[in-house]
Each structure stands twice: as structure tokens, then as C-alpha cells.
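Working notes, beginning with the structure itself.
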Amino acid sequence: VFLSRVYSSLANKYGLIVLLKYSQLLSVLASFVLLAGVYYEMNLLAIIGFILVTSFSLTLRSMYPSLLNLITKDKTMLLKSLADWKIVLYSAYIVGTGLGGLLYNYISINLFVVFDAATFFISFLLWAYASRDIDKHLMLSTQVKWSLKQFSKAFFLPLNLVIFFKKICYGFINPMFAVILFEKFHQSTAKFGIYFCLMGCVGLVASKIGGRIKVSYNFCLITSFFESLFAILYLIANSVFLSVTCLLLAVFFMVLADISVQTLYLTKYKKEGSNNLSSIFDAVTNGGQLVGFGVFMIISHLNVFVISTASVTFFGIVALILITLAKFDKNIFDESEFLKKVA
């Protein structure tokens, strides 16, 4: 969450392509730190390696929407590009959950981490090859620099707040998945993995559909409403079939809503602020889930079903209200003054 400011500052100064290239390379190097920590059973080194791998590898996920915004010409093209990017993410999610789960069960942890390092190395080679075809001017292009005050205040842009409160809901929904399956319905870990793969498949289908819809505030409002509705039904359902079905439907509408909100967000302002906007969007996404996870941990010894249902309902309603306010330009502050460099 806090590295988002660093990502955008480096991208603004050295160019987005350069940042993405070297962050991929550093992910490879960090994976060897993780491997050394695991192999020599040095827990602290392994933890440091894991944190570094996570931090560097997340740069691509955080900043890639900015790249898409810079190389697309209009909202329709950006929508399709963002949907295609979601397809890639969910495809990796499915393969990673399935293949990774199998490997973890049948090979040693050392070999598991070696395989992990190899995937980062292959990713770096693929990125180095693919980035050659991107317009040469992007290699050295710089973006408008924001002060820390500007960067922090952008958190309160209406569409940022929408995604923040929506992701707080998922901060409850994700850990509740384990609680519901293991404690409420007594499902096996194998079925748990299968359901996770199904979530990835649903996300894949929603991403494909999301590239063909017409973006509007009304569409964001409708998809967010159904997202919240099915999330609540998933929490209170009394059968595993109904619960999983409602979760999959919630994921479906969540993906459609996220693609729409991000497209509206990036196209509302000129491209000169693209790196900053993309990194902030990712920060509030992760920040919302972090808050949700944190609160879940605090209340986990209480009645998690009742409190989680009440929380998802409340934050879902807040998100819907914020979308409505954003639709009618009812902003918390004067956006034109704040974003005068990029608006």
C-alpha cells in the first residue's frame, strides 16, 4: 500500500517502461534471497525475501493500467485493454492456485521455491521481449509530478472512495470463505482449492464480458448493487451450494464493476497524471482489503457471521451512495483546483 507513492515517483522520474523492466529484474533477484532463506532455514532472510518479491512483483500489477492508459486512444479501447489485463490476471490466478497447490503437496519446499524463482525469471524475459514493441517515446516519457500532499489528497477522489469501501467488504468476504467452508459446512481443503479455481474462472468470464460493455456511472451502480447483494446472500446462506453460487455471482459483478470504475477513473483526467492515478487506485484497493482483514482479525473471536454480514451490508451501501454522488459530481472538495495540472 505505502509503496504506491514510490512506484509512481520512480515512474514519473525515470519512465514507466524502465520502472517495470527493473522491478521485474529485482523480483528475480529477490526470489533468490527467498530461496537462500528457505534452503538454509534462516527464517528472517526468508521473510525479507518474501516481502521483497511481493513488493517488486506488485509493481507490474499496480502500474500496468497506467501503461494501458498511455498507449490507448479512447475510453472504449482502454476498457477493452483493462478487461484483457484482468483476463491475464485471472488466468494466472487459476494456474497458480491449481498448479501451485499440486506442487506444494508433492514436492519439497526447496524445489517449490526454485520453481517460483524460475517463473519470475521467465516473466522477466517475456516482459523484456514484449516491451520492445511499445512506442519508443514511452521509454523516456515522464509524467506530471505530484507533491505528497496532492498524492495523499487524491485518496479522497470519489471513485477512489468507492473502490476503497467496496474492498473493505472483500476484506471480510475472503477470510470468511475459509470460515464458512471449514467451520460451517465442514468442506475439505481439496474442495476449498476447487472453489478458488472456480472464482478465477468466473473472474475470467466476467473480464471477457467487461471488455464489451458500455461504461457509465449507472452500470457501475447496478453491478455494485448486485455485487453487494450476492455477497450478503453468500454470508447468510444455509447450504454450501447456495453459498458458493452467491460468492461466484458476487465475484462476477465485482469484476464488471472494477473494470468500469477504473475506466471511468483513468479517462476522467488527462494522461499526464496516469502514473499517479494508477498507483493510488491500487493503493486504495489493497488498503481497503487491509482494513477489512484487520477488522476481521479483531472481531474473529466474536460472532463473525453476524458482524461480517452487518459490515458488508454497511460498506456496500456506502459504496453505492458514493457512486451516486460521483455521478452527479457531488465532490468532497474542488477537484478542478486539486488536479489543475492534469485535469
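In this chain, residues are counted from 1 in sequence order. These numbers were taken from a predicted model, which means no experiment stands behind them.
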Backbone N/O of [Y] and side chain of [X]: donor-acceptor pair under 3.5 Å:
X      : Y      : answer
Ser57  : Thr54  : yes
Ser274 : Ser66  : yes
Asn69  : Pro65  : no
Gln262 : Ile259 : no
Ser31  : Val28  : yes
Ser300 : Met297 : yes
Asn160 : Ala154 : yes
Ser278 : Ser62  : yes
Ser9   : Arg5   : yes

Is it the case that atom [atom1] in [X] sees more than 12 heavy atoms from other parts of the structure closer than 6.0 Å?
X      : atom1 : answer
Lys184 : NZ    : yes
Phe226 : CZ    : no
Tyr39  : OH    : no
Phe121 : CZ    : no
Phe314 : CZ    : no
Phe305 : CZ    : yes

Can you see which heavy atom on [X] is nearest to which on [Y], and at what distance?
X      : Y      : result
Phe185 : Ser243 : CE1-CB, 3.9 Å
Gly287 : Val1   : N-CG2, 3.7 Å
Ala30  : Val53  : C-CG2, 3.4 Å
Val255 : Ser207 : CG1-OG, 3.5 Å
Ala11  : Asn275 : CB-ND2, 3.5 Å
Cys246 : Leu233 : SG-CB, 3.7 Å

Margin query: Please verify the inter-ring angle class for Tyr64 with Trp127; under 30° counts as parallel, over 60° as perpendicular, anything in between as tilted.
Written below: perpendicular
Distance from [X] atom [atom1] to [Y] atom [atom2], nearest 0.5 Å?
X      : Y      : atom1 : atom2 : result
Phe164 : Phe281 : CZ    : CZ    : 13.5 Å
Asn110 : Leu35  : CG    : CG    : 7.0 Å
Lys21  : Leu16  : NZ    : CG    : 13.5 Å
Ile107 : Phe112 : CD1   : CZ    : 7.0 Å
Ser23  : Leu10  : OG    : CG    : 9.5 Å
Leu264 : Ser216 : CG    : OG    : 7.5 Å

Would [X] and [Y] count as a close aromatic pair, with their ring centres under 6.0 Å?
X      : Y      : answer
Phe293 : Phe172 : no
Phe230 : Tyr234 : no
Phe120 : Phe56  : no

Residues [X] and [Y]: side-chain donor-acceptor under 3.5 angstrom:
X      : Y      : result
Ser224 : Lys166 : yes
Asn286 : Lys167 : no
Asp282 : Tyr7   : no

If we only count heavy atoms from C-beta on, is the [X] to [Y] side-chain gap below 4.5 Å?
X      : Y      : result
Leu26  : Leu52  : no
Met199 : Tyr90  : no
Ile307 : Ser311 : yes
Leu277 : Trp146 : yes
Gln289 : Ile168 : no
Ile163 : Leu159 : no

Next item on the list: Run the numbers on Asp74 and Met77 for side chain to side chain contact (heavy atoms under 4.5 Å, CB included), then give the verdict.
Entry: CA-CA 5 Å; Asp74 53 40; Met77 188 176 178; 3.2 Å; yes
